[in-house]
Amino acid sequence: MIKVTLPDGSVREFAQGATAMDVAKSISDGLARNVLSAKVNGEVRDASRPLPGDCTLSLLTWNDAEGKSTFWHSSAHLLAEAIEALYPGTKFGIGPPIENGFYYDIDLGEKTIGDGDFAAIEAKMKELASKKSAFERKAVSKADAVAYFTEKGDEYKLELIDGLNDGEITFYTQGSFTDLCRGPHIPDTSFIKAVKVMSVAGAYWRGDEKRKQLTRLYGITFPKQKELDEHLTLLEEAKKRDHRKLGKEMDLFTFSERVGAGLPLWLPKGAALRERLINFMKEAQEKAGYVQVATPHIGSKALYETSGHWEKYGKDSFQPISTPQEGELFMLKPMNCPHHCEIFASRPRSYKDLPLRLAEFGTVYRYEQSGELHGLARVRGFTQDDAHLFCRPDQVKEEFLKVIDLVLLVLRALGFEKFEAQVSLRDKLDRSKYIGSDENWQKAEQAIIDAAAECGMKTVVEYGEAAFYGPKLDFMVKDALGRRWQLGTIQVDYNLPERFQLEYVGSDNARHRPVMIHRAPFGSLERFIALIIEHTAGRFPLWLTPEQAIILPISDKFVDAAKQAQSQLAAMGIRCELDERSEKIGRKIRDAELAKSPFMLILGEKEVESGTLSVREHGAGDAGAMTVVAFARLIQERIEMQLGQATAA
RNA sequence: GCCUUUGUAGCUCAGGGGUAGAGCACUUCCUUGGUAAGGAAGAGGUCCCGGGUUCAAUUCCCGGCAAAGGCUCCA
């Protein structure tokens, strides 16, 4: 008998050779029908494999990320089986699961696959899935594996086998298709009910552009048709919310070939929105003890030699700017920190001055690869909501906590509810690639872990992901569609204070090196605005939105009254437009709704007589008549509620 | 940076070796209307840029630039 410990801590006994599936069946048939794979002593395995002995076991279903991965990995095999049936002679590269579905890289020889072929592939996959073919695992010797793929003529698989050790090679077979695969897989193909081939793209074999380009087929599958439908609806919604499309429609920003790729031009409405974000952040930072500084867009090349950026990124940056002086070189700044270090160093600092929090909405320039440019999310010139905190080592944790508070405050004000933090620490084994004393690292790492825990954020710890100069914490938010976006980071830095020889005089009257913390809650304003456009589908929070209301006169006769109301509202700080076209009210309402104006203020004879405006709320309809003052108060109350909730939380 | 696709009016797009079209937007006129599209007329284009083939190129070919998707990268 073997003892199996389940996630709830209970222990059950099973006969030697029992499988995870047997365990599932002993719990309930319903569970057994949903088990995709199993985590045995921390390792994900086939549910159909005999358990190795006493073990801890969790059964993985569609509700587990690892269960989904298994499902999609098996789906990749199903895709391959369908391709082999439809396109005999195809050679196969790799076919892994990804965040949303899976892909398979294939070599079709002379043939090509286009969008038009997807339906046939999907049909074949469904046909094969319904055969309920089991995924059968078989350990093979290296020689046998080589023999199999040599006969099949698949050089890609042979290359993969070449990198594996004899004794650790397994094949999986379902139906007529056999693949080199570590597994694990779902019990059989019938779990796969809904199938969609999403797209086709080129991808180099092993990601190496010098090697052959294969055809990559992306697909996604689900256990239920309904889930596929929902997924496709979500994708459509994401397309509708694309910030590049909405940004154009809403006149927020544009690009010009003549200005250059990746260099956004902010239109008046977008620039004003940016300004509101900046002011909001400035205010929050002032309350948190930051001081604003301002530094130029360029700096001498020597500055970046000191910081080390020249050595590491110099050749991939915008190249130095020369001057009439022979040998004089300046760089467009790729970061604000070197400038801020010089501000710190501009005079002697006492421990009493610390922490010194220097903030700047600094615009930086990085030569991103052309293929990487993407709307506002990835640009070559962008503005960071940057700040550098210079502090004593014993202040790191408190500063971290304060930064996290600030970030959460700001994100809540923008309507984000779901955050996660990723803490990046040193590699557990190899410590040679990090600079700074072991003692400082330990302190800083512990400080970050504690700070993240104390503020109650969901935290993932990643070892080996720290920068060479210090550990960091990255913020992730989930947007309204459940997509994860990485925002700004908080990073501890021992390197720059060293390189810039920064010092403060301690209470012991000796010189000490400060610790530097980089932090940018939004990361870049550009990327952040892209995120809020997509998160809100262009319906920004009232305090941020370009246009809070639009006045719609019933006819030309009321335009003068409308103008008066508009200037009254403007005097009370309300951003209000006026539709003075000679159109019918129905038309004006329709256009205002489509333009997503939060409030429509209808003004006709009735309203003029009673000194009111008829208020209509976007998406909600008629909200009754009220005076201009009452409406302004309504707006202000709404804004206070949105921002107040954030402050209180 | 690499691969594939795309680039025509402000926007969305059709067309095609003989210098160009639709819908929406815009302008003017008519209409002055009460909660999601009133009517008519008009204006608007280096068909991305440069070169080549051709009697003739926006159309075909080559090169650039830009965008989309993918690969690789990201202080």
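So you know, we letter chains A, B, ... as the sequences are listed, proteins then strands, and number each from 1. The shown structure was predicted, so the numbers you read here are calculated from the model rather than taken from an experiment.
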With the side chain defined as heavy atoms from C-beta on, Arg244(A) is closest, among C71(B), G38(B), A68(B), to A68(B)
Report yes or no: is there a donor-acceptor pair, N or O only, under 3.5 Å between the side chain of Arg587(A) and the base of A37(B)? no
* Asked: So, is Ser199(A) near the phosphate of G69(B), with a side-chain N or O under 4.0 Å from OP1 or OP2?
  -> no
Tyr367(A) meets the side-chain contact (heavy atoms from CB on, under 4.5 Å) criterion, sequence neighbours left out, with Phe318(A), Arg380(A)
Check: Between C71(B) and Tyr218(A), is there an OP1 or OP2 to side-chain N/O distance shorter than 4.0 Å?
Finding: yes
Sequence neighbours excluded, the answer for ring pair (Phe, Tyr, Trp, His ring centres under 6.0 Å) partners of Phe92(A) is Tyr104(A), Phe177(A)
The complete set of salt bridge (charged side-chain N to carboxylate O under 4.0 Å, His left out) pairs with one or both residues in residues 198-207 of chain A, sequence neighbours excluded, reads Glu159(A)-Arg206(A)
Between side-chain atoms of residues 257-268 of chain A and protein atoms elsewhere (two or more places apart, or another chain), which donor-acceptor pairs fall under 3.5 Å?
none

Pick out the pairs of N or O atoms, protein on one side and nucleotides 42-51 of chain B on the other, that lie under 3.5 Å.
none

Those residues at least two apart in sequence (or on a different chain) that pass salt bridge (charged side-chain N to carboxylate O under 4.0 Å, His left out) with Arg357(A) are Glu399(A)
Heavy-atom nearest nucleotide on RNA chain B taken for Arg581(A) and for Val200(A); more 5' hit belongs to Arg581(A)
Counting any heavy atom closer than 4.0 Å, what does Gly586(A) reach on the DNA or RNA strands: base, sugar-phosphate only, or nothing?
-> sugar-phosphate
Worksheet entry | base_contact_polar (C74(B) base, Arg378(A) side chain, donor-acceptor, <3.5 Å) | yes
Pairwise N/O distances under 3.5 Å, protein to nucleotides 28-32 of chain B:
from	atom 1	to	atom 2	distance (Å)
U32(B)	O2	Ser555(A)	OG	3.3
U32(B)	O2	Asp556(A)	N	2.9
U32(B)	N3	Asp556(A)	OD2	2.8
U32(B)	O4	Asp556(A)	OD2	2.5

Checklist entry - Is the NZ or CZ atom of Lys478(A) positioned over Trp485(A)'s six-membered ring, under 6.0 angstrom from the centre and within 45° of the axis? => result no
Closest non-hydrogen atoms of Val492(A) and Ala444(A), given as atom of the first, atom of the second and distance, are CG1-CB, 4.1 Å
Contacts of Asp591(A) meeting salt bridge (charged side-chain N to carboxylate O under 4.0 Å, His left out) (sequence neighbours excluded), chain-then-number -> Arg581(A), Arg587(A)
State whether Lys584(A) places a side-chain N or O below 4.0 Å from either non-bridging phosphate oxygen (OP1 or OP2) of A36(B).
no
Contact check, residues 600-620 of chain A vs RNA chain B, heavy-atom distance under 4.0 Å, returns Ile602(A), Gly604(A), Glu605(A), Lys606(A), Glu607(A), Ser614(A), Arg616(A)
Residues of residues 482-502 of chain A with a heavy atom under 4.0 Å from any atom of RNA chain B, listed by number, are none
Taken in chain and number order and not counting sequence neighbours, the residues that satisfy side-chain contact (heavy atoms from CB on, under 4.5 Å) with Pro97(A) are Ser69(A), Trp72(A), His73(A)
So side-chain hydrogen bond (donor to acceptor under 3.5 Å, both in side chains) across residues 611-620 of chain A, not counting sequence neighbours, yields Glu593(A)-Arg616(A), Glu593(A)-His618(A), Glu607(A)-Ser614(A), Ser610(A)-Thr612(A), Glu617(A)-Arg638(A)
